[in-house]
Each structure stands twice: as structure tokens, then as C-alpha cells.
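Heads up: the structure comes next, in C-alpha cells.
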Amino acid sequence: MSGAVSASLEDLTAARAGDAAALQRVLVVSRQNLRRYAEYHCQINDAEDAVQESLLLVSRRIGDLRAVEAFASWLFRIVKRECNRLKRGLRRLAGEAISEDLLPPLRFEPVELGHDVARALETLPAHYRQILLLRDLEGMTIEELAAYLALTPQATKSRLHRARTLAREYLRDDPTLP
């Protein structure tokens, strides 16, 4: 289990079995780490909502967790999915794309890395760049991508794989990168 979420295996096992006190301890221990993670993946105003919704979902579905060792990754996937759901909901509510000047993205990576990734994306053909941005920045699922791009799920996965491979090759072969 990841050190980021340090709920004990005993509490996780008891919570899966229906122990309310153990579940409460697991949620309390997990909350701060989830908040930090959500602040990175959500719009700043949505982080607390994503954490609350995620903790609620975890409290309802912890019995479905197959292996307690997978709790940390399961928990973080739930928060990331919730952040993406909130982003999509905000865009639908407004009926248009969210302008970057209204809600600036949180950036924790070095500026140079962002420039390198932007250059890599610029080298890609438009259809590869589009699928990467929709999947990795917008958080669309394979099914959503397939419907949006009018492709089969298999073709969508293939195109996404090829786009990532091309971007990796560019980043690997760029002589200006360390």
C-alpha cells in the first residue's frame, strides 16, 4: 500500500467487513491526502467538493474493494474521476469551453517541462494531438472519446497509443532535453 494514504490494513479490512468505526478512521486518515491530490487535479473551487463526493462514494463502496493493498490507487482514481466529472459538468453548464483566463490550471511541474510537452504536441498530426488532449487533459473515457470522434473503442485505443508513442519518441529524441 502507498505511503501517501496510511490507513492501516486492519482498519481497511474491518471497514470492508462493515465496521463503521474502522471506516471512520480510514476516511479521516485519507482526507488530507485526498485534498492535496484533488487540489492538483481539480479546478481550485472544486477540490473540496471532489474530496467530499469521493469520501461519500468510498464509504458506500468500500465493500466492493477487491484487495486492501489496492486501496490507495482506488481512492486516488475515484478523486481524479470526480474532478474530471466536475470539469465536464461546468463546461456543460456554461454550454461552451472553459476559457483558460477564467479558470487557470494549477501547475506544479517545472515550466520547462510544460514547454517540452507543448513542443511535442505541436509536432503531432492534428488527430493525434486532439485525442491526447481530450484523454489526458480533459479526462474523457475511451467510450466518450470513441463517441466524440466517431470511432470504435478499439480504434480509439489504437489512435491514443500511437499518439502517446509519437510524443514519447519526440521527447526522447529531442537533443535539448536532458
Side-chain angles (χ1 to χ4, degrees), residues 1-9 11-12 15-16 20 22-121 129-145 148 160 163-164 167-168 171 177-178:
M1 187 165 90
S2 168
V5 176
S6 57
S8 72
L9 289 175
D11 279 345
L12 285 170
R16 278 180 58 208
L23 176 61
Q24 180 65 26
R25 287 189 299 272
V26 167
L27 296 177
V28 167
V29 167
S30 303
R31 189 178 193 298
Q32 183 177 4
N33 294 312
L34 286 180
R35 173 76 179 164
R36 241 181 273 123
Y37 188 80
E39 286 173 352
Y40 180 77
H41 289 286
C42 289
Q43 297 296 331
I44 193 72
N45 297 335
D46 291 338
E48 187 60 34
D49 291 338
V51 170
Q52 290 296 323
E53 290 295 323
S54 298
L55 290 174
L56 186 60
L57 182 63
V58 167
S59 69
R60 291 181 187 152
R61 305 289 308 266
I62 197 159
D64 297 343
L65 181 63
R66 291 184 213 146
V68 293
E69 294 80 14
F71 177 72
S73 61
W74 179 65
L75 190 59
F76 289 130
R77 277 194 316 269
I78 290 171
V79 173
K80 178 131 193 229
R81 193 174 310 124
E82 187 61 28
C83 287
N84 291 336
R85 186 188 66 77
L86 289 168
K87 286 178 192 174
R88 283 192 302 271
L90 187 56
R91 278 195 310 275
R92 287 186 188 128
L93 183 64
E96 58 189 46
I98 297 172
S99 171
E100 290 299 321
D101 58 330
L102 295 177
L103 296 171
L106 295 175
R107 300 197 187 271
F108 292 101
E109 71 273 356
V111 175
E112 297 82 19
L113 178 61
H115 292 292
D116 295 337
V117 171
R119 280 197 324 260
L121 287 172
R129 182 175 39 251
Q130 179 187 35
I131 199 164
L132 274 178
L133 292 174
L134 290 172
R135 174 68 173 169
D136 295 335
L137 292 180
E138 298 296 325
M140 292 178 81
T141 66
I142 295 296
E143 292 76 22
E144 290 169 333
L145 283 169
Y148 183 82
L160 181 61
R164 287 179 173 160
R168 257 192 308 273
L171 291 170
L177 296 177

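Since this is a predicted model, take the numbers as computed values, not measurements.
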Given side chains that start at C-beta, do those of [X] and [Y] come closer than 4.5 Å, heavy atoms only?
| X | Y | answer |
| --- | --- | --- |
| Phe71 | Arg16 | no |
| Trp74 | Ile78 | yes |
| Leu75 | Tyr37 | no |

With the threshold set at 4.0 Å, does a side-chain nitrogen-carboxylate oxygen contact exist between Arg36 and Glu39?
no
Could you report the tightest heavy-atom contact between [X] and [Y], atom names first, then the distance?
| X | Y | value |
| --- | --- | --- |
| Asn33 | Phe76 | O-CE2, 4.0 Å |
| Asp136 | Arg164 | OD1-NH2, 2.6 Å |
| Glu82 | Ser54 | CB-OG, 3.8 Å |
| Glu144 | Gly139 | OE1-O, 4.3 Å |
| Ile131 | Leu160 | CD1-N, 3.9 Å |
| Arg31 | Val51 | CG-CG1, 4.2 Å |

Looking at Met140, is its backbone amide N or carbonyl O close enough to the side chain of Arg135 to form a donor-acceptor pair, meaning the two atoms are under 3.5 Å apart?
yes
If you measure from [atom1] on [X] to [atom2] on [Y], what distance do you get to the nearest 0.5 Å?
| X | Y | atom1 | atom2 | value |
| --- | --- | --- | --- | --- |
| Leu34 | Gln52 | CG | CD | 10.0 Å |
| Ser59 | Leu56 | OG | CG | 4.5 Å |
| Leu57 | Asp64 | CG | CG | 9.0 Å |
| Leu145 | Gln130 | CG | CD | 9.0 Å |
| Lys80 | Arg85 | NZ | CZ | 15.5 Å |

Which residues pass the salt bridge (charged side-chain N to carboxylate O under 4.0 Å, His left out) test with Arg25, not counting sequence neighbours?
Asp11
Evaluate Asn84 against Thr141 for side-chain contact (heavy atoms from CB on, under 4.5 Å), listing each step before the verdict.
CA-CA 10 Å; Asn84 291 336; Thr141 66; over 6 Å; no
Do other residues, nucleotides or ligands put more than 12 heavy atoms under 6.0 Å from the CD atom of Gln32?
no
